[in-house]
Amino acid sequence: MRKYILKRLGISLIILFFVALIIYSIMRCMPSSYVESLARQMSQKPGAKSYQEWLDQLNKAYGLDVGIIPGYIHWLGQAVRGNFGDSWYWNVPVLTKFRQVIWYSFALALCASFLEYIIAIPLGIISARKQYSHTDYAVTVIALIGISLPSFFFATILKYIFSVKLGWFDLYGIVGRNHESYGPVMQFLDICKHMILPILTLTIVSMGSMMRYTRTNMLEVLNSDYIRTARAKGLPERRVIYHHAFRNTLIPIITIIGGSLPGLFGGAMITETLFQIPGIGYVGYLSMTQGDIPFSMFYLVFLAVLTLLGNLLADILYAVVDPRVRIN
Amino acid sequence: MSNNINSSEDRQGTLDDESRVRVLSPGMLVAKRFFRNRLAMIGLFIIIAMFIFSFAGGFISPYGEAQVFRTVKETMTDYAGASYNEDYKFTMADGQKLPSMAQSKFVLAAHDGDTTFEVKDQTYTLEKAGNDFYKIYGAGTVAEVTYMRKLYAYKNVDDSFTDTVKAAFEKANNAGQTQFEVNGNQYEITASGRTITVTTQRELAIASKYVFNAYTEGTTLSYDFRYQAEAALNAGQTTFTADGTQYTIAIDSANDRAVVSTSDGGQYALLSHFSVSSVNEGSFLSVEYIEAAEEAIASKAAQFSVKDADGKDVAYTLAQKDNQYVIRTYQKTQLNDNYASPSLKHLCGTDGNGMDILTRLMFGGRVSLLIGFVVILIELLIGVVLGGIAGFFGGWVDNIIMRVVDVFYCIPAMPIYIILGSIMDKMKVDPKIRIYFLCIVLGILGWASIARMVRGQILSLREQEFMVAAEATGISTYRRIFMHLIPNVIPQLIVVATMGLGDVILTEATLSFLGLGVKYPYASWGNIINAVNDSYVMSTYWFVWIPAGMLILMTVLGFNFIGDGLRDAFDPKMKR
């Protein structure tokens, strides 16, 4: 087991190296990036050095004067020591900004995932139990609508109904206008209130695939021999479903939930941007569109790490939860 | 998934085991199962409808993709300003200037009854020629001279700058004098840089409180005419001569005005204390209009109407502001017909650029669907080739290809699209090339999961007996992969591709929504919804974004229904 994990970790590191290289190359292609506009700005000040001189100086300062490969090795050397540099757009060290924003994203993703599982798993099981019933059709349609729903469109509809027509929530932001005047409890509740619509969006959009997954797995379990045996023994249907079948359905579900745990830190870029929730997704989006190479690099590599970690976790959990799986 | 749903009705149509074996090929079986699936049928119907809407609709629609509609709107706008003139109006003599500083000094001097006033070392003289009627004398420009390398170039030369004066000026200037005298006239030389101005005391302007209005458009009332007319008015004469023409003047003292007519009786100009000036610089207001406005103001009416050139009555409203009156009227202005509500002409209204939304939805559908298909084709091509090779050969080839797949699987796709989108924004890439580029990028970043699936299938298939048989018959590797293995993967490929189409359309819509995908002037469903980034548009003009969003939802849903139905049809093991 340990050998397997170590091997997987090693492969992951190699993959990460190449992913980061690709990301770095794309980032370096950004023309008219922050440095150039900064140089242009500085050269326009009275008595300043020429644009080219500023550009050279800034490129040197930011390590952009060398080719992509040496630049990447330089970046990598700094990154493994935990130094991701200073963000150009936010004017603070990348990790400082990261620490400021990550918890918003985490809270958002945690609540949304929790709701997603709470709703999706029971519905999936019910739908599998009553295959081809009206309930099954309804659940299938709801799940497919959830999968097909563009998050930006759904978020806009929610805003239109709850913010514009009913006036219950603000259109944007994480805090209300009077946030500063509240006490600590009210401040917390204010933030919670602003999280409701984003959480709702994320939940609805993401629960479809979980419902389908649960339904498929439950059907598979219900078709298996041990369920037939349980029924043949004369067990009540409740016990067959909720004891024998459900436990076996949980194996792949726990695996997929475990695999999605690292993703909780990844931030929901589109949803956060739409609601201007200052989480890692929104901050990353702004950094990317503004050509902030240090922060974008960090964000993208961070996402890649989360994906790798998720896969690894899912595979390990699969082996741990299901004793039938033997790792060779 | 529907063979039990209405079992009693379908009993006759069901296939018992015998006829199934005898009659139907496996393909027909799949088709049969698929066509019996209600959701899949709904999905198929949606998708066919979308194709007709997008591809046929574009031809049927009478409008173009980027056709901008203009509209004429009547808006209440300021038309003219009116007032009773109580200030001095200055009429400059030809080619002369009276600086605004001198104008205000003149008003003070006239009020105090002084005969001279000074502005910036210049002395001006005023001569009272009647009631509130003055002539102003001062240093007037006779000529402007450019002096270079002892050569004189003259411009703006006055009639009085005769050759005698010119000779005297050149002599005086060469001698470095600043003054010279010819025929008792005193001239002054002022030099600034290379430009020398020659000035002398002369008539600069007349100041009076009368306002002159010509009867016909295009008539300019000359300085001499104005002076002579007012002089005659003050002297109580009924005729005067100006610029060699005889005019008669009829004084209407009750209304405090006078009408000047030419010798043949035609009305030429109106003198009054009532001034109306159009908001549009230089547009002509007829005397009838001015009289109507004056009458309305005198009778304190809030409205009046005047016949326009076509003989139609145009209503004007009057609003007083201190001593000024503002005349407003409904005027037609041409605008882009943006955010027009749904109507018969525009069934879904118009967008922020004044384009027909329904037409843009049709063309947007073409772009969205085409991008979806092209991207899926690219993904399938790369995925099947690489996955097939990896699965068939195994060993180090498999290892390398799968690591590449892992790398592509790990690249966060959406952020990369966003970065590439903003790079293209900054490089101002042509919108058409952008669409091609978008397809390629979406394809290159999306093939990894297909390759994985193909490899997995092939790994299990290649251990089966039919592959051993194929190998034993000595078929070439190429044929074994592409004729024997890949066809067995096709069911899964079709399912993945159908579901993937929906995903690609969603991704493209999201990118276009963020403004980083398909760009104006090309339409896509995503960039039509992009208008909601302006929350005013979102809350006011629902018809701009709801239809596009519904179309995206329906299309993706349609593809998912079909994909789901196909999966069930291909894989009857899931049935109970």
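This is a predicted model, so every value here is computed, not measured. As a basis for the values below, the full set of heavy atoms in this structure was taken, side chains included, without hydrogen atoms, waters or symmetry mates.
At a threshold of 4.0 Å, the pair Arg455(B)-Asp398(B) counts as salt-bridged, since one of the basic side-chain nitrogens sits closer than that to a carboxylate oxygen.
Here the straight-line distance linking atom CG of Leu264(A) with atom CG of Leu306(A) works out to 9.5 Å at 0.5 Å rounding.
Interface summary for chain B: among Leu303(A), Thr307(A), Leu300(A), the most heavy-atom pairs under 4.5 angstrom belong to Leu300(A). Chain A forms more heavy-atom pairs under 4.5 Å with one residue of Gly502(B), Gly549(B), Ser422(B) than with any other, namely Gly549(B).
Contacts of Asp430(B) classified as salt bridge (Lys or Arg N to Asp or Glu O under 4.0 Å), with partners at least two apart in sequence or in another chain: none. Applying the side-chain contact (heavy atoms from CB on, under 4.5 Å) criterion to Thr555(B), with sequence neighbours excluded, gives Ile47(B), Met50(B), Leu369(B), Ile505(B), Trp525(B), Phe559(B).
Along residues 440-452 of chain B, no residue comes nearer than 4.5 angstrom to chain A, judged on non-hydrogen atoms. Proximity to chain B at a heavy-atom threshold of 4.5 Å picks out Thr156(A), Ile157(A), Lys159(A), Tyr160(A), Val164(A) from residues 155-166 of chain A, in numerical order.
With a 4.5 Å cut-off on non-hydrogen atoms, Ile418(B) touches chain A through its side chain but not through its backbone. Looking at Met499(B), there are no atoms closer than 4.5 Å to chain A (heavy atoms on both sides), in backbone or side chain. Contact annotation for Leu557(B): both backbone and side-chain heavy atoms come within less than 4.5 Å of a heavy atom of chain A.
Between Tyr72(A) and Tyr24(A), the angle of the ring planes lies from 30° to 60°, which puts this pair in the tilted group.
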